[in-house]
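Notes follow the structure.
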Amino acid sequence: MSRKLIIWDWNGCILDDCEYVYRQGPVRIFAHYGLVVPSLESYRNDVESDFMKSFYWKYGIPADVTAKDLDGIMKKGYDEDGEPPMQPDALTTLEVCRMRGHRQVLVTGFDGAMLERSLAHHGVRSYFEETHAGARKKTEIVREILARTQTPPDAAIGVTDTLSDVAMLEAAGVRAYICPRGFHGRARIDAARASNPMMVVIDDLKSLLTRL
């Protein structure tokens, strides 16, 4: 068994928060601007890492509204409702990966302060050698991590729940494992298999352990 550098995504992948984010994000945000809220299905079908362009502006949020503006609205919801749970097999998977000697880092588009609060709440900060929050362009960050840690791309994997992450990981030469429990569902992922031949689809996080 070779040791790997595992590059984890956070929300939707380790954190089970798709429906939670939908309630605190689109539901609150579109109501704030007096607009009809797109369905959860539309959210999962359309949202990408560039969420302003792929989702919010597309469905009518004014073009001068920024991601920072939306983060403020969402934060109010998080403050009121508390933290969403992790995926049921996330903690066990992180622990087994650590016991096997795999190095683990976290690269996520999640807001930095909210990420630190979530990591502390779930008690999992120690599993990650480093964390990178607010990461919209993950390819550059992944390349920097590989270079700094002197890790060949074939000695690393990325684990995510979105096709946009798959593209950014593969652009850095890293094989992507995607789990359809988060922000991109199975039908959307299956439809993208032909254009992402290196992508590995896993049913849950614990099944990753049989592939490392």
So, are [X] and [Y] salt-bridged, with charged N and O less than 4.0 Å apart?
{"X": "R148", "Y": "E144", "value": "yes"}
{"X": "R186", "Y": "D203", "value": "yes"}
{"X": "D111", "Y": "K75", "value": "no"}
{"X": "D204", "Y": "R181", "value": "no"}

Whether the [X] and [Y] side chains hold a donor-acceptor pair (N or O, under 3.5 Å, no angle test) is what I'd like checked.
{"X": "E95", "Y": "Y127", "answer": "yes"}
{"X": "D17", "Y": "Y22", "answer": "no"}
{"X": "T92", "Y": "D89", "answer": "no"}
{"X": "N45", "Y": "S42", "answer": "no"}
{"X": "S164", "Y": "E48", "answer": "yes"}
{"X": "H132", "Y": "E130", "answer": "yes"}

Check: How close do P85 and L15 get, heavy atom to heavy atom, and via which atoms?
Finding: O-CD1, 3.4 Å
Next item on the list: Would you name the heavy atoms of V47 and H184 that are closest together and state the gap between them?
Entry: O-NE2, 2.7 Å
Next item on the list: Please round to the nearest 0.5 Å and tell me the distance separating atom CD of Q104 and atom OG1 of T93.
Entry: 9.5 Å
Checklist line | R175: partners by side-chain hydrogen bond (donor to acceptor under 3.5 Å, both in side chains), with sequence neighbours left out | finding: none
Item checked: Residues in side-chain hydrogen bond (donor to acceptor under 3.5 Å, both in side chains) contact with R193, at least two apart in sequence or another chain -> D190
Next item on the list: Run the numbers on I145 and V107 for side chain to side chain contact (heavy atoms under 4.5 Å, CB included), then give the verdict.
Entry: CA-CA 10 Å; I145 292 171; V107 181; 3.8 Å; yes
Check: Does the side chain to side chain contact (heavy atoms under 4.5 Å, CB included) test come out yes or no for T162 and D165, once each step is laid out?
Finding: CA-CA 5 Å; T162 67; D165 276 2; 3.3 Å; yes
Checklist line | Evaluation steps, side chain to side chain contact (heavy atoms under 4.5 Å, CB included), between V105 and T149 | finding: CA-CA 11 Å; V105 301; T149 60; over 6 Å; no
